[in-house]
Amino acid sequence: MKSIVILISGRGSNMEAILDAGLPLNISAVISNRPDAGGLATAARHGVPTCVVDHKAHATRDAFDAALAESIDAFAPDYIVLAGFMRVLTEGFVKRYPRRIVNIHPSLLPAFPGLHTHRQALATGVKIHGATVHLVTPTLDHGPIIIQAAVPVLTDDDEVALAQRVLTQEHCIYPQALRWLAEGRVRFTADDVVEIAGINVSSYLGEQQLLVPKE
Ligand code: GRF
C-alpha cells in the first residue's frame with residue numbers, strides 16, 4: 001500500500017476528510033508548521049502520529065524546507081499531501097519530490113492563484129468558482145490538474161458563504177484524487193496533462209449537466 005504524509009497549517013478540515021475517507025493508503029504522519037494548528041489534535045484523535053516543524057524556528061526558507069524534508073523523509077512517504085499548508089515551498093524542495101507533492105487550491109486553476117481566492121472571485125464577477133487538486137511544481141499554485149469541482153457564485157454571496165460552498169466540494173475531491181493516486185491510476189500525457197485510467201470526463205459529467213443559469 002502507498003503511504004502519505006499530510007502537511008497542514010490550520011484547522012485541517014481537508015485533512016480530516018482524508019482521514020475519514022477510508023482510503024487504501026497508509027497515513028504515516030501529519031506535520032504542521034504551526035504548533036497551534038487545530039488539525040494536530042484532530043489527527044491525534046484519529047491515531048495518526050503528528051509532529052511540528054515550526055517555520056519561526058528557522059531563519060530562512062531554505063533552512064525551514066531542509067528541516068521539513070528531514071521530518072518527511074523519516075516516514076519515507078510515496079506522496080506529500082498539502083492540506084491547507086500555508087507556506088510557499090522552495091524550488092529545491094519541490095524538485096526533491098517530482099510529481100509526489102499534491103495540493104488543494106480553492107479556485108478553478110489557473111484562475112486565482114495565491115491568497116484570498118474567494119475575494120478575487122467575487123471582485124472579478126465570475127459566475128462559476130471552485131477548487132482544484134493538482135500536483136505541485138515550483139510555480140505557485142500550478143501543476144498537473146488531477147480533479148476540479150465547480151460551484152455557482154450566487155448574487156448575495158460573501159466570502160464566507162462562497163468559501164463554505166467551495167470547502168464542501170474540497171472535502172469530496174481531495175479524497176477522490178488521493179484514491180486515484182493510491183490505485184496507481186494517475187497517468188501523464190507527453191504534455192504533462194493528467195489522465196485517470198478508466199475515467200473520462202463523460203463518466204462523471206452527464207450530457208445535460210452544463211452549468212448554465214436559467215431564468
Ligand atoms: C482550504 O480552503 C484549502 O483549499 C486552502 O486553505 C483551506 C484550508 O482549510 N488551501 P482546512 O485547513 O483544510 O480546513
Side-chain angles (χ1 to χ4, degrees), residues 4-18 28-40 43 50-75 77-124 129-149 159 162-163 166-167 170-171 173-174 177-178 181 186 188 192 194:
I4 62 170
V5 162
I6 305 177
L7 306 192
I8 62 168
S9 298
R11 74 189 155 182
S13 71
N14 276 290
M15 172 207 73
E16 190 167 17
I18 293 163
S28 304
V30 168
I31 301 176
S32 173
N33 66 304
R34 298 181 60 110
D36 60 350
L40 287 170
T50 63
C51 66
V52 174
V53 182
D54 189 346
H55 65 276
K56 290 195 180 135
H58 298 88
T60 64
R61 266 185 206 285
D62 284 331
F64 169 69
D65 281 6
L68 185 61
E70 196 179 323
S71 289
I72 290 168
D73 292 349
F75 298 100
D78 292 288
Y79 293 104
I80 299 156
V81 173
L82 311 183
F85 183 69
M86 304 304 283
R87 301 292 301 172
V88 175
L89 296 164
T90 57
E91 183 168 352
F93 181 95
V94 173
K95 287 189 166 162
R96 188 185 177 104
Y97 307 102
R99 288 180 173 169
R100 288 173 54 206
I101 309 175
V102 196
N103 184 42
I104 188 155
H105 183 73
S107 79
L108 290 173
L109 289 174
F112 314 134
L115 295 173
H116 309 303
T117 55
H118 310 304
R119 195 182 306 168
Q120 292 186 65
L122 291 168
T124 312
H129 185 41
T132 304
V133 179
H134 66 100
L135 291 157
V136 171
T137 65
T139 308
L140 182 68
D141 297 326
H142 168 271
I145 291 170
I146 300 174
I147 189 170
Q148 293 182 303
E159 267 183 80
L162 185 54
V166 172
L167 190 65
E170 293 182 44
H171 295 164
I173 62 173
Y174 217 170
L178 295 179
L181 284 166
V186 176
F188 300 87
D192 232 17
V194 167

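Computed from a prediction, not measured in an experiment: that's the story for all the values here.
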ask   = Are His171 and Ser13 close enough that a side-chain donor and a side-chain acceptor fall under 3.5 Å?
value = yes

message = Can you tell me which residue among Val136, Asp65, Leu135 is in a side chain to side chain contact (heavy atoms under 4.5 Å, CB included) with Val94?
response = Val136

key: Ile173 and Ile104: CA distance, side-chain angles, deciding distance, side chain to side chain contact (heavy atoms under 4.5 Å, CB included) verdict   = CA-CA 9 Å; Ile173 62 173; Ile104 188 155; 4.2 Å; yes

inquiry  = Is there a side chain to side chain contact (heavy atoms under 4.5 Å, CB included) between Phe188 and Val194? Walk through the geometry before answering.
reply    = CA-CA 5 Å; Phe188 300 87; Val194 167; 3.8 Å; yes

task = Before giving the answer on salt bridge (charged side-chain N to carboxylate O under 4.0 Å, His left out), spell out for Asp73 and Arg96 the whole-Å C-alpha distance, their side-chain angles and the decisive distance to 0.1 Å.
result = CA-CA 11 Å; Asp73 292 349; Arg96 188 185 177 104; 2.5 Å; yes

ask   = What are the two closest non-hydrogen atoms of Ala37 and Ile8, and how far apart are they?
value = CB-CD1, 4.2 Å

ask   = Are the side chain of Ser32 and the backbone of Val52 linked by a donor-acceptor contact shorter than 3.5 Å?
value = no

remark   = Distance col, row Thr139:OG1 vs Glu91:CD, nearest 0.5 angstrom, shows 8.0 Å

Whether Thr50 side chain and Leu40 backbone form a donor-acceptor pair below 3.5 Å = no

message = Keeping Arg87 on the side-chain end and Arg61 on the backbone end, is there a donor-acceptor pair under 3.5 Å?
response = no

ask   = How about His142 and Thr137: does a side-chain donor come under 3.5 Å of a side-chain acceptor?
value = yes

ask   = Under the side chain to side chain contact (heavy atoms under 4.5 Å, CB included) criterion, do Ile4 and Ile18 qualify, and how do the steps go?
value = CA-CA 11 Å; Ile4 62 170; Ile18 293 163; 4.3 Å; yes

query = What's the shortest heavy-atom distance between Pro113 and His105, and which atoms?
reply = CA-NE2, 3.7 Å

task = On the 0 to 90° scale, with breaks at 30° and 60°, tag the His118-His129 ring pair as parallel, tilted or perpendicular.
result = perpendicular

inquiry  = Quick check: closest heavy atoms across His134 and Ile145, and the distance to 0.1 Å?
reply    = CB-CA, 4.0 Å

task = Supply the atom-to-atom distance Tyr174 OH to Met15 CE, rounded to the nearest 0.5 angstrom.
result = 12.5 Å

inquiry  = I'd like to know if the side chain of Gln120 and the backbone of Leu115 have a donor-acceptor N/O pair within less than 3.5 Å.
reply    = yes

ask   = Between atom OG1 of Thr90 and atom CZ of Phe64, what is the distance when rounded to the nearest 0.5 Å?
value = 10.0 Å

query = Considering all heavy atoms of both residues, which atom of Ala177 and which atom of Ile146 are nearest to each other, and what is their separation?
reply = CB-CG2, 3.8 Å

task = Determine the minimum heavy-atom distance between Leu140 and Gly114, stating which atoms define it.
result = CD2-CA, 4.3 Å

note = With Ile80 as partner, the option from Asn103, Ile72, Ile6 fulfilling side chain to side chain contact (heavy atoms under 4.5 Å, CB included) is Ile72

message = If you compare all heavy atoms of Phe93 against all heavy atoms of Ile101, which two are closest, and at what distance to 0.1 Å?
response = CE2-CD1, 3.8 Å

query = Does Leu109 offer a backbone N or O that forms a donor-acceptor pair with the side chain of Gln148 under 3.5 Å?
reply = yes

query = Atom OG in Ser9, atom CD1 in Ile31: separation rounded to 0.5 Å?
reply = 11.5 Å

CA sep, side-chain torsions, deciding dist, call: Leu89, Leu82, side chain to side chain contact (heavy atoms under 4.5 Å, CB included) = CA-CA 11 Å; Leu89 296 164; Leu82 311 183; 4.0 Å; yes

request  = Determine whether Leu178 and Tyr79 make a side-chain contact, defined as any pair of heavy atoms from C-beta on separated by less than 4.5 Å.
outcome  = no

query = Heavy-atom distance under 4.5 Å between the side chains of Asn33 and Leu68, does that happen here?
reply = no

query = For Arg99, which residues count as a side chain to side chain donor-acceptor pair (under 3.5 Å) partner, sequence neighbours excluded?
reply = Asp192

